[in-house]
Number of protein chains: 2
Amino acid sequence: MNTPIRRNTKQRAAISEVVQSLSNFHSAQDIHAELAKRGSTVGLSTVYRALAAMAADGDVDTLLRDDGETLYRQCADAAHHHHLVCRQCGATVEVDGPTVETWTQRIAAEHDFDDVSHTLEVFGRCAQCRAQG
Amino acid sequence: MNTPIRRNTKQRAAISEVVQSLSNFHSAQDIHAELAKRGSTVGLSTVYRALAAMAADGDVDTLLRDDGETLYRQCADAAHHHHLVCRQCGATVEVDGPTVETWTQRIAAEHDFDDVSHTLEVFGRCAQCRAQG
DNA sequence: ACTGATATTGACAATCGTTTTCATGTAGGG
DNA sequence: CCCTACATGAAAACGATTGTCAATATCAGT
């Protein structure tokens, strides 16, 4: 049950590079397509595996879309934070929520729950998209 | 583009009954299986369609699991609320979060976002499961 | 550098939840 | 009772993700 040692490969470097160059959240398939567009021949399975590993290491953030598709994003802050995402253009703002964190703790304590974690995402329409209509 | 009129059928009644009898969150497949166990022959597609309709009408709450599977639950309170779910046994507590609601509004306003909504779920381990180890 | 143990890759098949298709059944207003 | 839309169910289609497995590449130790 020991975690396998992680190796540095061209493929992972390429994937990492693409994820960094893309702002906002993108699916594994998106990233694979972008990779292909740039001439890379990385396999789709590899993209999935690399992204999963990066997410496990906390190098990228994940977001579950309504339809169940998983989206990945390179975040500026490695610490725990949440996202404010524009429903239309996908523009993403990283937000810190100390209020929410303490609220979560309190709720858990009140109901005698242990080892708590939470998921929180905020969706809306950004100023730019609103201006356009 | 007008919403179709909703009809009352035996199938939907059966599905509704099962959902009510099951506490906590369950997948469409779970519900279909439970239906079968009780002698009903409702088709899987029908279960999916009925649950989607019920969710659209706000009659049941939905929860997206990490692996993308959608879970459904009959909630006591029809109003907006969140859930504190035990990771182990699935026990669910409905919690109200005025703090979170106002925080969300503030964050959205600060970044000039419009028409905001949010998803928030809290996971943990309940007292009972902790006692068992 | 060479080597060996082992992590990684990629093409493809398999899985699995969910949606669609379409012919048939049925609710419910007139 | 009769329409006419909506609903059903079986099966096929779908789409994201994961597994398989032989070939390959990484890297620590020599």
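Note on naming: letters A, B, ... go to the chains in the order of the sequence lines (proteins, then strands), and numbering restarts at 1 for each one.
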Can you figure out which of [options] approaches the side chain of [X] most closely?
X	options	answer
B:Arg49	C:dT19, C:dA27, C:dT20	C:dT20
A:Lys10	D:dT26, C:dG17, C:dA11	D:dT26
B:Arg7	C:dG28, D:dT17, D:dG19	C:dG28
A:Ser45	C:dA11, C:dT9, D:dA16	C:dA11

Could you pick out which residue, B:Ile5 or B:Gly43, lies toward the 5' side of DNA chain D when each is mapped onto its nearest nucleotide? B:Ile5

Would you kindly give the [atom1]-to-[atom2] distance between [X] and [N], to the nearest whole Å?
X	N	atom1	atom2	value
B:Leu44	C:dC16	CG	C1'	11 Å
A:Gln29	D:dG15	CD	P	10 Å
A:Tyr48	C:dA11	OH	P	16 Å
A:Arg12	D:dC27	CZ	P	10 Å
A:Ile31	D:dT17	CD1	P	10 Å
B:Leu64	C:dT18	CG	C1'	12 Å
A:Gln11	C:dA11	CD	C1'	14 Å
B:Arg6	C:dT26	CZ	C1'	17 Å

Between A:His118 and B:His82 (judged by ring centroids, cut-off 6.0 Å), do the two rings come close enough to count as a pair?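 Between B:His82 and A:His118, which both carry aromatic rings, the centre distance is not below 6.0 Å.
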
Under a single-linkage definition using a 4.5 Å side-chain heavy-atom cutoff for Ile, Leu, Val, Met, Phe, Trp and Tyr, are B:Leu51 and B:Phe25 assigned to the same hydrophobic cluster? no

Which part of the nucleic acid, if any, lies within contact of [X], taking any heavy atom under 4.0 Å across all strands shown: a base, the sugar-phosphate backbone alone, or nothing?
X	result
B:Thr9	sugar-phosphate
B:Ser27	nothing
B:Asp67	nothing

Between A:Asn8 and B:Asn8, the residue closer to the 5' end of DNA chain C by nearest nucleotide is A:Asn8

Could you walk me through whether B:Arg49 and B:Ser45 satisfy the side-chain contact (heavy atoms from CB on, under 4.5 Å) test, starting with their C-alpha distance in whole Å, then the side-chain angles of each, then the deciding distance to 0.1 Å, before giving a yes or no? CA-CA 6 Å; B:Arg49 281 185 287 234; B:Ser45 336; 3.6 Å; yes

When you check the gap from the basic side-chain N to the acidic O, do B:Asp112 and A:Arg130 get nearer than 4.0 Å? yes

What I want to find out is whether B:Arg73 reaches B:Glu94 closely enough, with some N-O distance under 4.0 Å, to be called a salt bridge.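 Yes, B:Arg73 and B:Glu94 are salt-bridged.
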
